[in-house]
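Note sheet for the following structure.
All chains are named by letter (A, B, ...) in the order of the sequence lines, taking the proteins before the strands, and each is independently numbered beginning at 1.
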Protein chains: 2
Amino acid sequence: MLISALPVIDQPARRVGALLEHVNRQLRQHSVPALETLGVRPRHVLALTVLRDTGGSSQADLAGLLQMDRTNLVGLLNELETEGWVERRRSPEDRRRHLVELTAAGGELLSRIDFALAAIEDHVLSALDAAQREQLYELLRQAANLEAACTESPDC
Amino acid sequence: MLISALPVIDQPARRVGALLEHVNRQLRQHSVPALETLGVRPRHVLALTVLRDTGGSSQADLAGLLQMDRTNLVGLLNELETEGWVERRRSPEDRRRHLVELTAAGGELLSRIDFALAAIEDHVLSALDAAQREQLYELLRQAANLEAACTESPDC
DNA sequence: TATTGTTATACTCTATAACTATA
DNA sequence: TATAGTTATAGAGTATAACAATA
(Lines give C-alpha, C1' and ligand atoms only; values in the text may rest on other atoms or scores of the structure.)
Protein backbone atom coordinates (compact mmCIF):
# COMPACT_ATOMS: atom_id res chain seq x y z
CA MET A 1 0.00 0.00 0.00
CA LEU A 2 3.02 2.28 -0.35
CA ILE A 3 2.06 3.45 -3.80
CA SER A 4 -1.25 4.92 -2.73
CA ALA A 5 0.60 7.14 -0.30
CA LEU A 6 2.71 8.65 -3.07
CA PRO A 7 1.36 11.77 -4.79
CA VAL A 8 0.65 11.31 -8.48
CA ILE A 9 3.08 13.60 -10.27
CA ASP A 10 1.21 13.87 -13.56
CA GLN A 11 -2.06 14.91 -11.96
CA PRO A 12 -1.29 16.38 -8.57
CA ALA A 13 -4.03 16.13 -5.97
CA ARG A 14 -5.69 19.49 -5.58
CA ARG A 15 -5.29 20.48 -1.98
CA VAL A 16 -8.32 21.65 -0.06
CA GLY A 17 -6.30 23.18 2.79
CA ALA A 18 -5.98 26.69 1.37
CA LEU A 19 -9.62 26.74 0.25
CA LEU A 20 -10.78 25.50 3.63
CA GLU A 21 -8.81 28.26 5.31
CA HIS A 22 -10.18 30.87 2.93
CA VAL A 23 -13.87 29.99 3.28
CA ASN A 24 -13.47 29.55 7.02
CA ARG A 25 -11.91 33.00 7.30
CA GLN A 26 -14.62 34.59 5.21
CA LEU A 27 -17.30 33.00 7.37
CA ARG A 28 -15.52 34.19 10.52
CA GLN A 29 -15.19 37.77 9.32
CA HIS A 30 -18.93 38.00 8.87
CA SER A 31 -19.82 36.02 11.99
CA VAL A 32 -17.69 37.80 14.59
CA PRO A 33 -19.49 41.17 14.41
CA ALA A 34 -22.89 39.44 14.43
CA LEU A 35 -21.91 37.32 17.44
CA GLU A 36 -20.56 40.40 19.21
CA THR A 37 -24.06 41.89 19.28
CA LEU A 38 -25.16 38.72 21.09
CA GLY A 39 -22.27 39.02 23.56
CA VAL A 40 -20.29 35.98 22.43
CA ARG A 41 -17.23 35.00 20.39
CA PRO A 42 -16.82 31.97 18.09
CA ARG A 43 -15.30 29.86 20.84
CA HIS A 44 -18.38 30.38 23.01
CA VAL A 45 -20.62 29.16 20.21
CA LEU A 46 -18.64 25.96 19.76
CA ALA A 47 -18.66 25.28 23.50
CA LEU A 48 -22.40 25.90 23.87
CA THR A 49 -23.14 23.72 20.84
CA VAL A 50 -21.10 20.80 22.14
CA LEU A 51 -22.73 21.11 25.56
CA ARG A 52 -26.16 20.98 23.96
CA ASP A 53 -25.27 18.03 21.75
CA THR A 54 -23.64 16.01 24.54
CA GLY A 55 -26.08 17.01 27.28
CA GLY A 56 -23.17 18.04 29.54
CA SER A 57 -19.53 17.10 29.93
CA SER A 58 -16.50 17.36 32.17
CA GLN A 59 -14.05 20.16 31.40
CA ALA A 60 -11.35 17.79 30.19
CA ASP A 61 -13.73 15.98 27.84
CA LEU A 62 -15.12 19.28 26.62
CA ALA A 63 -11.61 20.55 25.90
CA GLY A 64 -10.97 17.43 23.86
CA LEU A 65 -14.14 17.85 21.82
CA LEU A 66 -13.37 21.52 21.22
CA GLN A 67 -9.77 20.70 20.31
CA MET A 68 -8.55 23.33 22.72
CA ASP A 69 -6.25 23.27 25.73
CA ARG A 70 -8.02 22.61 29.03
CA THR A 71 -6.16 25.54 30.60
CA ASN A 72 -7.78 27.98 28.17
CA LEU A 73 -11.19 26.44 28.68
CA VAL A 74 -11.23 27.65 32.29
CA GLY A 75 -11.53 31.33 31.39
CA LEU A 76 -14.02 30.59 28.62
CA LEU A 77 -16.31 28.74 31.03
CA ASN A 78 -15.91 31.50 33.63
CA GLU A 79 -17.35 33.94 31.09
CA LEU A 80 -20.22 31.63 30.15
CA GLU A 81 -21.00 30.91 33.79
CA THR A 82 -20.94 34.60 34.77
CA GLU A 83 -23.58 35.26 32.10
CA GLY A 84 -25.65 32.32 33.37
CA TRP A 85 -25.42 30.31 30.16
CA VAL A 86 -23.71 27.26 31.69
CA GLU A 87 -23.45 25.70 35.16
CA ARG A 88 -20.53 23.93 36.82
CA ARG A 89 -21.00 21.41 39.61
CA ARG A 90 -18.76 18.77 41.22
CA SER A 91 -19.25 15.21 40.06
CA PRO A 92 -20.49 13.01 42.94
CA GLU A 93 -18.60 9.97 41.59
CA ASP A 94 -15.28 11.73 41.01
CA ARG A 95 -14.89 14.89 43.03
CA ARG A 96 -12.00 16.09 40.86
CA ARG A 97 -14.38 16.59 37.94
CA HIS A 98 -16.59 19.54 37.12
CA LEU A 99 -19.74 18.59 35.23
CA VAL A 100 -20.60 21.45 32.90
CA GLU A 101 -24.15 21.81 31.64
CA LEU A 102 -26.12 24.22 29.49
CA THR A 103 -28.76 26.27 31.34
CA ALA A 104 -32.19 27.17 29.95
CA ALA A 105 -30.92 30.69 29.26
CA GLY A 106 -27.92 29.20 27.47
CA GLY A 107 -30.21 27.13 25.28
CA GLU A 108 -32.26 30.17 24.34
CA LEU A 109 -29.13 32.13 23.52
CA LEU A 110 -27.91 29.28 21.33
CA SER A 111 -31.17 29.37 19.37
CA ARG A 112 -30.66 33.05 18.63
CA ILE A 113 -27.05 32.33 17.65
CA ASP A 114 -28.15 29.53 15.29
CA PHE A 115 -30.61 31.87 13.63
CA ALA A 116 -28.02 34.61 13.12
CA LEU A 117 -25.33 32.24 11.84
CA ALA A 118 -27.70 30.52 9.42
CA ALA A 119 -28.39 33.88 7.77
CA ILE A 120 -24.67 34.59 7.51
CA GLU A 121 -23.91 31.21 5.94
CA ASP A 122 -26.74 31.84 3.52
CA HIS A 123 -24.96 34.97 2.43
CA VAL A 124 -21.34 33.78 2.42
CA LEU A 125 -22.19 30.52 0.64
CA SER A 126 -24.48 32.21 -1.88
CA ALA A 127 -22.40 30.73 -4.71
CA LEU A 128 -23.73 27.29 -3.77
CA ASP A 129 -27.34 26.19 -4.20
CA ALA A 130 -29.24 24.26 -1.52
CA ALA A 131 -28.27 20.83 -2.87
CA GLN A 132 -24.59 21.78 -3.02
CA ARG A 133 -24.64 23.11 0.52
CA GLU A 134 -26.18 19.86 1.71
CA GLN A 135 -23.44 18.00 -0.19
CA LEU A 136 -20.75 20.17 1.40
CA TYR A 137 -22.20 19.56 4.84
CA GLU A 138 -22.20 15.78 4.34
CA LEU A 139 -18.63 15.71 3.03
CA LEU A 140 -17.35 17.82 5.93
CA ARG A 141 -19.28 15.77 8.46
CA GLN A 142 -17.75 12.59 7.09
CA ALA A 143 -14.29 14.15 6.94
CA ALA A 144 -14.57 15.45 10.51
CA ASN A 145 -15.23 11.91 11.63
CA LEU A 146 -16.49 13.16 14.98
CA GLU A 147 -17.90 9.88 16.28
CA ALA A 148 -15.00 7.56 15.59
CA ALA A 149 -11.91 8.56 17.52
CA CYS A 150 -8.69 7.90 15.65
CA THR A 151 -7.56 4.70 17.36
CA GLU A 152 -5.41 3.13 14.64
CA SER A 153 -2.14 4.85 15.44
CA PRO A 154 -0.82 6.64 18.53
CA ASP A 155 -0.08 9.91 16.69
CA CYS A 156 -3.68 10.53 15.71
CA MET B 1 -37.26 36.70 -2.79
CA LEU B 2 -37.69 37.41 0.89
CA ILE B 3 -38.89 33.92 1.69
CA SER B 4 -35.70 32.21 0.51
CA ALA B 5 -33.71 34.29 2.99
CA LEU B 6 -35.77 33.07 5.93
CA PRO B 7 -34.56 29.94 7.74
CA VAL B 8 -36.98 27.04 7.53
CA ILE B 9 -38.04 26.30 11.08
CA ASP B 10 -39.25 22.77 10.52
CA GLN B 11 -36.05 21.62 8.85
CA PRO B 12 -33.26 23.93 9.95
CA ALA B 13 -30.35 24.31 7.56
CA ARG B 14 -27.40 22.35 8.84
CA ARG B 15 -24.59 24.80 9.36
CA VAL B 16 -21.18 24.02 7.91
CA GLY B 17 -19.35 26.65 10.01
CA ALA B 18 -18.50 24.43 12.97
CA LEU B 19 -17.48 21.53 10.71
CA LEU B 20 -15.36 23.80 8.57
CA GLU B 21 -13.59 25.06 11.69
CA HIS B 22 -13.08 21.52 12.96
CA VAL B 23 -11.59 20.05 9.80
CA ASN B 24 -9.50 23.17 9.24
CA ARG B 25 -8.11 22.92 12.75
CA GLN B 26 -7.32 19.23 12.38
CA LEU B 27 -5.49 19.93 9.14
CA ARG B 28 -3.55 22.76 10.80
CA GLN B 29 -2.50 20.68 13.79
CA HIS B 30 -0.88 18.15 11.49
CA SER B 31 0.52 20.69 9.04
CA VAL B 32 2.24 23.09 11.43
CA PRO B 33 4.89 20.61 12.70
CA ALA B 34 5.56 19.41 9.13
CA LEU B 35 5.93 22.98 7.88
CA GLU B 36 8.18 23.83 10.81
CA THR B 37 10.78 21.34 9.53
CA LEU B 38 10.73 23.28 6.25
CA GLY B 39 11.17 26.58 8.10
CA VAL B 40 7.74 28.06 7.35
CA ARG B 41 4.34 28.66 8.96
CA PRO B 42 0.90 28.39 7.34
CA ARG B 43 0.82 32.09 6.46
CA HIS B 44 4.06 31.73 4.49
CA VAL B 45 2.55 28.92 2.45
CA LEU B 46 -0.49 30.95 1.50
CA ALA B 47 1.65 33.94 0.52
CA LEU B 48 4.05 31.87 -1.59
CA THR B 49 1.15 30.10 -3.28
CA VAL B 50 -0.61 33.33 -4.21
CA LEU B 51 2.66 34.80 -5.53
CA ARG B 52 3.16 31.75 -7.72
CA ASP B 53 -0.42 31.79 -9.00
CA THR B 54 -0.46 35.53 -9.72
CA GLY B 55 3.10 35.77 -10.98
CA GLY B 56 3.81 38.62 -8.56
CA SER B 57 1.79 41.33 -6.85
CA SER B 58 1.97 44.56 -4.89
CA GLN B 59 1.86 44.28 -1.12
CA ALA B 60 -1.59 45.85 -0.85
CA ASP B 61 -3.05 43.52 -3.49
CA LEU B 62 -1.33 40.55 -1.87
CA ALA B 63 -2.79 41.47 1.52
CA GLY B 64 -6.24 41.58 -0.06
CA LEU B 65 -5.84 38.15 -1.65
CA LEU B 66 -4.55 36.70 1.63
CA GLN B 67 -7.34 38.39 3.57
CA MET B 68 -4.81 39.78 6.03
CA ASP B 69 -3.94 43.28 7.14
CA ARG B 70 -1.24 44.95 5.08
CA THR B 71 0.57 45.96 8.26
CA ASN B 72 1.08 42.33 9.23
CA LEU B 73 2.19 41.41 5.74
CA VAL B 74 5.33 43.56 6.14
CA GLY B 75 6.93 41.29 8.73
CA LEU B 76 5.87 38.16 6.87
CA LEU B 77 7.54 39.38 3.66
CA ASN B 78 10.64 40.42 5.61
CA GLU B 79 11.01 36.81 6.74
CA LEU B 80 10.45 35.42 3.25
CA GLU B 81 12.86 37.93 1.73
CA THR B 82 15.57 37.23 4.33
CA GLU B 83 15.44 33.55 3.38
CA GLY B 84 15.63 34.45 -0.31
CA TRP B 85 12.22 33.03 -1.23
CA VAL B 86 10.71 36.30 -2.48
CA GLU B 87 12.04 39.58 -3.87
CA ARG B 88 10.75 43.13 -3.40
CA ARG B 89 11.44 45.92 -5.88
CA ARG B 90 9.97 49.37 -6.48
CA SER B 91 7.43 49.68 -9.25
CA PRO B 92 8.77 51.96 -12.02
CA GLU B 93 5.26 53.26 -12.79
CA ASP B 94 4.28 54.02 -9.21
CA ARG B 95 7.22 54.40 -6.89
CA ARG B 96 5.02 53.95 -3.82
CA ARG B 97 4.43 50.30 -4.71
CA HIS B 98 6.58 47.29 -3.98
CA LEU B 99 6.30 44.52 -6.55
CA VAL B 100 6.75 41.20 -4.77
CA GLU B 101 7.83 38.15 -6.74
CA LEU B 102 8.68 34.54 -6.03
CA THR B 103 12.34 33.60 -6.53
CA ALA B 104 13.57 30.32 -8.01
CA ALA B 105 14.49 29.15 -4.52
CA GLY B 106 10.98 30.09 -3.35
CA GLY B 107 9.45 28.02 -6.13
CA GLU B 108 11.53 25.01 -5.16
CA LEU B 109 10.57 25.41 -1.52
CA LEU B 110 6.90 25.59 -2.50
CA SER B 111 7.21 22.31 -4.37
CA ARG B 112 8.53 20.62 -1.24
CA ILE B 113 5.73 22.21 0.77
CA ASP B 114 3.10 20.97 -1.70
CA PHE B 115 4.48 17.46 -1.44
CA ALA B 116 4.44 17.47 2.36
CA LEU B 117 0.95 18.97 2.62
CA ALA B 118 -0.52 16.55 0.08
CA ALA B 119 0.61 13.66 2.27
CA ILE B 120 -0.96 15.27 5.33
CA GLU B 121 -4.28 15.87 3.58
CA ASP B 122 -4.19 12.27 2.44
CA HIS B 123 -4.03 11.26 6.08
CA VAL B 124 -6.44 13.75 7.64
CA LEU B 125 -9.07 13.26 4.93
CA SER B 126 -8.73 9.47 4.95
CA ALA B 127 -12.47 9.16 5.66
CA LEU B 128 -13.12 10.44 2.13
CA ASP B 129 -12.32 8.53 -1.05
CA ALA B 130 -10.71 10.16 -4.08
CA ALA B 131 -14.01 11.07 -5.73
CA GLN B 132 -15.34 12.66 -2.55
CA ARG B 133 -12.17 14.69 -2.08
CA GLU B 134 -12.47 15.94 -5.63
CA GLN B 135 -16.09 16.84 -4.90
CA LEU B 136 -15.11 18.67 -1.71
CA TYR B 137 -12.43 20.59 -3.59
CA GLU B 138 -14.89 21.71 -6.26
CA LEU B 139 -17.52 22.79 -3.75
CA LEU B 140 -15.00 24.79 -1.72
CA ARG B 141 -13.54 26.35 -4.86
CA GLN B 142 -16.97 27.45 -5.97
CA ALA B 143 -17.86 28.69 -2.47
CA ALA B 144 -14.58 30.61 -2.17
CA ASN B 145 -15.51 32.46 -5.36
CA LEU B 146 -11.94 33.66 -5.75
CA GLU B 147 -12.26 35.13 -9.24
CA ALA B 148 -15.42 37.19 -8.84
CA ALA B 149 -14.99 39.90 -6.23
CA CYS B 150 -18.16 40.65 -4.30
CA THR B 151 -19.26 43.86 -6.04
CA GLU B 152 -23.00 43.81 -5.38
CA SER B 153 -23.02 45.59 -2.02
CA PRO B 154 -20.46 47.75 -0.20
CA ASP B 155 -20.31 45.45 2.86
CA CYS B 156 -19.10 42.45 0.91
C1' DT C 1 1.70 8.09 40.84
C1' DA C 2 -1.86 10.00 37.67
C1' DT C 3 -5.72 13.10 36.70
C1' DT C 4 -8.80 17.42 37.10
C1' DG C 5 -9.17 22.06 37.46
C1' DT C 6 -6.58 26.18 38.11
C1' DT C 7 -3.10 30.11 37.68
C1' DA C 8 0.73 32.47 35.62
C1' DT C 9 3.21 33.26 31.62
C1' DA C 10 5.05 33.56 26.97
C1' DC C 11 4.39 33.35 22.14
C1' DT C 12 1.75 33.91 17.85
C1' DC C 13 -1.86 36.09 15.22
C1' DT C 14 -4.61 39.99 14.41
C1' DA C 15 -6.34 44.97 14.45
C1' DT C 16 -5.67 50.15 15.05
C1' DA C 17 -3.27 54.49 14.89
C1' DA C 18 0.26 57.24 13.24
C1' DC C 19 4.31 58.17 10.40
C1' DT C 20 7.00 58.67 5.42
C1' DA C 21 7.18 58.91 0.69
C1' DT C 22 4.94 59.17 -3.24
C1' DA C 23 0.75 60.28 -6.29
C1' DT D 1 -6.08 64.79 -0.34
C1' DA D 2 -5.40 59.90 -0.96
C1' DT D 3 -2.56 55.70 -1.28
C1' DA D 4 1.54 52.21 -0.34
C1' DG D 5 4.59 50.72 2.80
C1' DT D 6 6.19 50.91 7.50
C1' DT D 7 6.40 50.98 12.70
C1' DA D 8 4.62 50.59 17.34
C1' DT D 9 1.32 48.66 20.12
C1' DA D 10 -2.70 46.49 22.16
C1' DG D 11 -5.84 42.63 22.10
C1' DA D 12 -7.29 37.78 21.31
C1' DG D 13 -5.96 32.94 20.76
C1' DT D 14 -2.86 29.35 22.03
C1' DA D 15 0.72 26.40 24.45
C1' DT D 16 3.77 25.13 28.54
C1' DA D 17 4.94 24.70 33.43
C1' DA D 18 3.62 24.37 38.02
C1' DC D 19 0.34 23.93 41.83
C1' DA D 20 -3.75 22.00 44.99
C1' DA D 21 -7.28 18.62 45.42
C1' DT D 22 -8.65 14.10 44.50
C1' DA D 23 -8.24 9.35 42.65
Side-chain angles (χ1 to χ4, degrees), chain A residues 18 21-22 24-36 39-47 51 56-82 86-101, chain B residues 17-18 20-22 24-33 35-36 39-47 51 54 56-82 86-101:
Chain A
E21 190 111 8
H22 187 270
N24 192 41
R25 184 177 298 264
Q26 225 159 358
L27 217 42
R28 266 186 104 85
Q29 281 182 345
H30 284 81
S31 301
V32 167
L35 292 175
E36 202 174 349
V40 290
R41 280 165 289 137
R43 271 301 193 193
H44 295 124
V45 179
L46 290 174
L51 287 176
S57 166
S58 78
Q59 293 188 196
D61 291 345
L62 185 56
L65 290 169
L66 294 173
Q67 292 190 116
M68 72 183 290
D69 202 285
R70 74 186 202 278
T71 63
N72 297 319
L73 183 59
V74 177
L76 195 76
L77 289 178
N78 288 346
E79 296 168 351
L80 293 176
E81 199 174 28
T82 300
V86 305
E87 272 180 4
R88 272 190 273 215
R89 60 174 218 270
R90 287 271 169 203
S91 164
E93 295 96 27
D94 185 341
R95 287 189 48 75
R96 292 173 301 181
R97 297 186 144 219
H98 278 171
L99 294 181
V100 189
E101 284 178 356
Chain B
L20 218 53
E21 190 112 5
H22 188 270
N24 193 41
R25 184 177 298 263
Q26 225 159 357
L27 216 43
R28 267 185 104 84
Q29 279 182 347
H30 285 82
S31 301
V32 167
L35 292 175
E36 201 174 351
V40 290
R41 282 166 287 137
R43 273 301 193 189
H44 295 123
V45 180
L46 290 175
L51 287 176
T54 60
S57 166
S58 78
Q59 293 188 197
D61 291 344
L62 185 57
L65 290 169
L66 294 172
Q67 292 190 116
M68 70 184 289
D69 202 287
R70 73 187 205 278
T71 65
N72 297 319
L73 183 58
V74 176
L76 195 76
L77 289 177
N78 288 345
E79 296 168 351
L80 293 175
E81 198 174 30
T82 299
V86 305
E87 273 180 1
R88 272 192 272 214
R89 61 174 218 272
R90 289 271 168 201
S91 164
E93 296 94 28
D94 185 341
R95 288 187 48 73
R96 292 173 302 182
R97 296 187 144 220
H98 278 171
L99 294 181
V100 189
E101 284 178 358

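Within the 4.5 Å cutoff, side-chain heavy atoms of A/Arg28 are placed close to those of A/Pro42. The shortest distance between side-chain heavy atoms of B/Leu62 and B/Leu77 falls below 4.5 Å. Side chains of B/Arg88 and B/Leu99 form no contact here, defined as non-hydrogen atoms less than 4.5 Å apart.
Distance A/Asp61 CG to C/dT4 P: 8 Å, rounded to the nearest Å. One can place CG of B/Leu62 at 13 Å from C1' of D/dA4, the figure rounded to the nearest angstrom. Nucleotide C/dA23 holds its P atom 6 Å from the CG atom of B/Asp94, rounded to whole Å. A/Leu76 has its CG atom 8 Å from the P atom of D/dG13, to the nearest Å. Between A/Asn78 atom CG and C/dG5 atom P the separation is 13 Å, expressed in whole Å. Between A/Leu73 atom CG and C/dT7 atom C1' there is a gap of 14 Å when expressed in whole angstrom units. C/dT22 atom P lies 16 Å from atom CD of B/Glu93, rounded to whole Å. Atom CD of B/Glu36 is separated from atom P of D/dT14 by 17 Å (rounded to the nearest Å).
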List the protein contact pattern of nucleotides 11-18 of chain C with one symbol per nucleotide (5' to 3'): B for base contact, S for sugar-phosphate-only contact, - for none; contact means a heavy-atom distance under 4.0 Å.
--SBBBB-
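On a pure distance criterion of 3.5 Å, a polar donor-acceptor pair joins the side chain of A/Arg96 and the base of C/dT3. Side-chain atoms of B/Arg95 and base atoms of C/dT22 include no donor and acceptor less than 3.5 Å apart.
A/Arg88 comes within 4.0 angstrom of the backbone, heavy atoms only, and of no base.
Nearest to the side-chain atoms of B/His98 among the listed nucleotides C/dT4, C/dT7, D/dT6 stands D/dT6.
Judged by distance alone, with hydrogens and angles left aside, the side-chain atoms of A/Gln67 form no donor-acceptor pair with the main-chain N or O of B/Arg25 at under 3.5 Å. Without hydrogens or angle criteria, A/Arg97 side chain to A/Pro92 main chain gives no donor-acceptor distance under 3.5 Å. A donor-acceptor pair under 3.5 Å is formed between the side chain of A/His44 and the backbone N or O of A/Arg41.
Within a 6.0 Å sphere centred on CD of A/Glu87, other residues, nucleotides and ligands contribute 12 heavy atoms or fewer.
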